Amino acid sequence: MFNTAVLVCLTLAAAALGQQIGNYTAESHPSLTVQQCSAWRELYSRSVTAETLSPQIRYHLQQKNIGSRVYLMQDQDNYQMFSLKNQEFTFDVDVSQLPCDGGKAKYSTNKAGALWDWILHSQCPHDIKFINGQVCRPSFSIFADIITYMLTASPNDTNAGTGQYGSCCDEMDIWEANSVSSAYTPHVCTSTGQTRCTGNDCGDGDNRYGGICDKDGCDFNSFRQGVKNFYGPGMTVNTNSKFTLVTQFITADGTANGALSEIRRFYVQNGQVIPNSFSTFTGLTSYNSVSDSYCNAQKTLFGDTNSFEQRGGLNKMGQALQTGMALVLSLWDDHAVNMLWLDSNYPTDADASKPGIARGTCSTSSGKPTDVESQNANAQVTYSNIKFGPLNSTFGH
């Protein structure tokens, strides 16, 4: 989706060539336990990393954490890669401390660069510190002896800037949410693997739909689909307390080599399995998951550009998933459009009664990074109990 305020997100990413490790700041790897399940729903011990992840990761919205990311490592130097076709990915999450002005959490899988190449995704960001072996630097950089391209400082974000190049890749946003709204969204690119873009290929500004990547994605947000009492405090999925999130990647032939045909969502809370909500809009009422037919119908009804299908749709997403993607967790705020695409009316000047405009109950004046960071510095999200395995193996049903 569009960049915005603070987000809880799970992202999957794939490997690419990057920098050799430098000696400026040592990297510290926290531990996190991940469980792999069998088809019989039995968990078995698996050392996913040299230092396996601890039971949970908690993000606090403090200045030092804003926009920071945690990657799951296989060992000291390599990402743990997930090939999730005909598989499911499950984790527990607590977003009770993330209100409208409290940030957004992001749980994603992306094609990732090598260890020191930072995150890359379908927005083709221009503030990546390393792209294809080159260092982005502002004019005052201590790396003045390195021949590279310039990074112009952002006018409203001291931690960001814009360089000549962008870094693009397929992206699977398994979870973008706060306590008010949530969405899961595949994004695809016409390129294969991590790609450095320049000019029109980056899809910047008014050329948003002319680049190699689908920046909008094909999202499923229950509120945006007209179901306004499904997800939130005290609702069917009650965000006042922890719940389990299950994402299934269904293939056409039921094998790991088949074409990706559907991405399903379930929740589990207080021992109850909660299927994802169905849309209430005419032409979409048969859908409660992401498929090519859903994406086509949604884009048509909402009047959105169908850049997802134009760039390959679920088949392209499936190719990225089969190659393998890395797990990324983050909590962030949005200096572009204040995360209004997730939890408010967006675009803000559109008729909120029109299908697809209302995405949550947050005010259109909410989500400003200055407010998020000054008023809700203690906002937090907690991830735990991460599992993956064959379909229906990671949760009771």
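Side chains are part of it too, since the values below use all heavy atoms of this structure and drop only hydrogens, waters and symmetry mates. Predicted model only: the values in this text are computed from it and were never measured.
- With hydrophobic clusters built from ILVMFWY side chains whose heavy atoms lie under 4.5 angstrom apart, V34 shares a cluster with I174.
- Hydrophobic clustering (ILVMFWY, side-chain heavy atoms < 4.5 Å, transitive): M325 and I386 are in one cluster.
- In the model, T394 has a side-chain atom that pairs as donor or acceptor with a side-chain atom of E88 under 3.5 Å.
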Chi angles and distances behind the side chain to side chain contact (heavy atoms under 4.5 Å, CB included) call for V93, T382
CA-CA 6 Å; V93 63; T382 302; over 6 Å; no
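- For the residue pair D170/H187, the side-chain donor-acceptor check at 3.5 Å is not satisfied.
- Under the 2.5 Å cut-off for SG-SG separation, C197 and C202 qualify: their sulfur atoms lie closer than that.
- Checking S307 against T305 by side-chain atom types alone, no donor-acceptor pair falls below 3.5 Å.
- Between C213 and C169, a gap of 2.5 Å or greater is found separating the two SG atoms.
- Between W175 and F91, the ring planes lie perpendicular to each other; the angle is over 60°, past the 30° to 60° tilted range.
- The aromatic rings of Y267 and Y231 lie tilted to each other, with the angle between the two planes from 30° to 60°.
- Under the 4.5 Å side-chain criterion, counting only non-hydrogen atoms from C-beta, F266 is not in contact with N276.
- Hydrophobic clustering places F388 together with M317 (ILVMFWY residues linked when any side-chain heavy atoms are closer than 4.5 Å, directly or through intermediates).
- Using a 4.0 Å cut-off between charged side-chain N and carboxylate O, R208 and D216 make a salt bridge.
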Side chain to side chain contact (heavy atoms under 4.5 Å, CB included) between N378 and Q97, worked out:
CA-CA 8 Å; N378 291 322; Q97 303 304 307; over 6 Å; no
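- Side-chain contact of R265 with T247: a donor-acceptor pair under 3.5 Å is present, judged by distance alone.
- In the model, D253 has a side-chain atom that pairs as donor or acceptor with a side-chain atom of T255 under 3.5 Å.
- E309 is listed as a side-chain neighbour of D292, based on a closest heavy-atom distance under 4.5 Å.
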May I have the step-by-step check of side chain to side chain contact (heavy atoms under 4.5 Å, CB included) for Q310 and D214, ending in yes or no?
CA-CA 8 Å; Q310 291 169 0; D214 159 43; over 6 Å; no
R224 vs D304, salt bridge (charged side-chain N to carboxylate O under 4.0 Å, His left out): CA-CA, chis, key distance, verdict:
CA-CA 13 Å; R224 194 181 185 210; D304 294 339; 3.0 Å; yes
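- Side-chain contact of S241 with Q269: a donor-acceptor pair under 3.5 Å is present, judged by distance alone.
- Checking Y294, F220, F278, F281 one by one against Y287, the ring pair (Phe, Tyr, Trp, His ring centres under 6.0 Å) holds for a single residue, Y294.
- With no hydrogens or angles considered, a side-chain donor-acceptor pair links Q194 and S167 at under 3.5 Å.
- Side-chain contact between Y346 and R359 is present, with heavy atoms from C-beta onward closer than 4.5 Å.
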Using the side chain to side chain donor-acceptor pair (under 3.5 Å) rule, take S277 and S222 through it: C-alpha gap first, then chi angles, then the decisive distance, then the call.
CA-CA 6 Å; S277 59; S222 292; 2.6 Å; yes
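- Counting only residues at least two apart or in different chains, disulfide bond (SG atoms under 2.5 Å apart) contacts with residues 256-306 comprise C218-C295.
- Under 4.0 Å is where a charged nitrogen must lie from a carboxylate oxygen, and between K215 and D204 at least one such pair does.
- For the cysteine pair C100 and C362, the distance separating the two SG atoms is below 2.5 Å.
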CA sep, side-chain torsions, deciding dist, call: M172, L84, side chain to side chain contact (heavy atoms under 4.5 Å, CB included):
CA-CA 11 Å; M172 179 63 224; L84 292 175; over 6 Å; no
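- In this structure, a donor-acceptor pair under 3.5 Å is absent between the side chains of K387 and Q35.
- Placement of F89 and V237 within a single hydrophobic cluster is found when ILVMFWY residues are connected by side-chain heavy-atom separations under 4.5 Å, directly or transitively.
- The environment of N240 atom CG is dense: over 12 non-hydrogen atoms of other residues, nucleotides or ligands sit within 6.0 angstrom.
- Using a 4.5 Å cut-off on side-chain heavy atoms (C-beta onward), L98 and L331 make contact.
- Defined by atom type and a distance below 3.5 Å, a donor-acceptor pair is present between the side-chain atoms of N78 and D75.
- To the nearest 0.5 Å, atoms CD1 (I263) and CD1 (I250) are separated by 9.5 Å.
- Side-chain N/O atoms of N392 and Q248 include a donor and acceptor closer than 3.5 Å.
- Remark: the S83 side chain and the Q322 side chain contain no N/O donor-acceptor pair separated by less than 3.5 Å.
- Expressed to the nearest 0.5 Å, how far OG1 of T251 lies from CG of N86 amounts to 4.0 Å.
- Looking at every heavy atom in both residues, V290 comes nearest to P186 through CG1-CG, 4.0 Å.
- In terms of heavy atoms, S393 sits closest to G389 at OG-C, 3.5 Å.
- Both I274 and F243 belong to a common hydrophobic cluster when Ile, Leu, Val, Met, Phe, Trp and Tyr are linked at side-chain heavy-atom distances under 4.5 angstrom.
- Heavy atoms from other residues, nucleotides or ligands lying under 6.0 Å from CG of D351 number more than 12.
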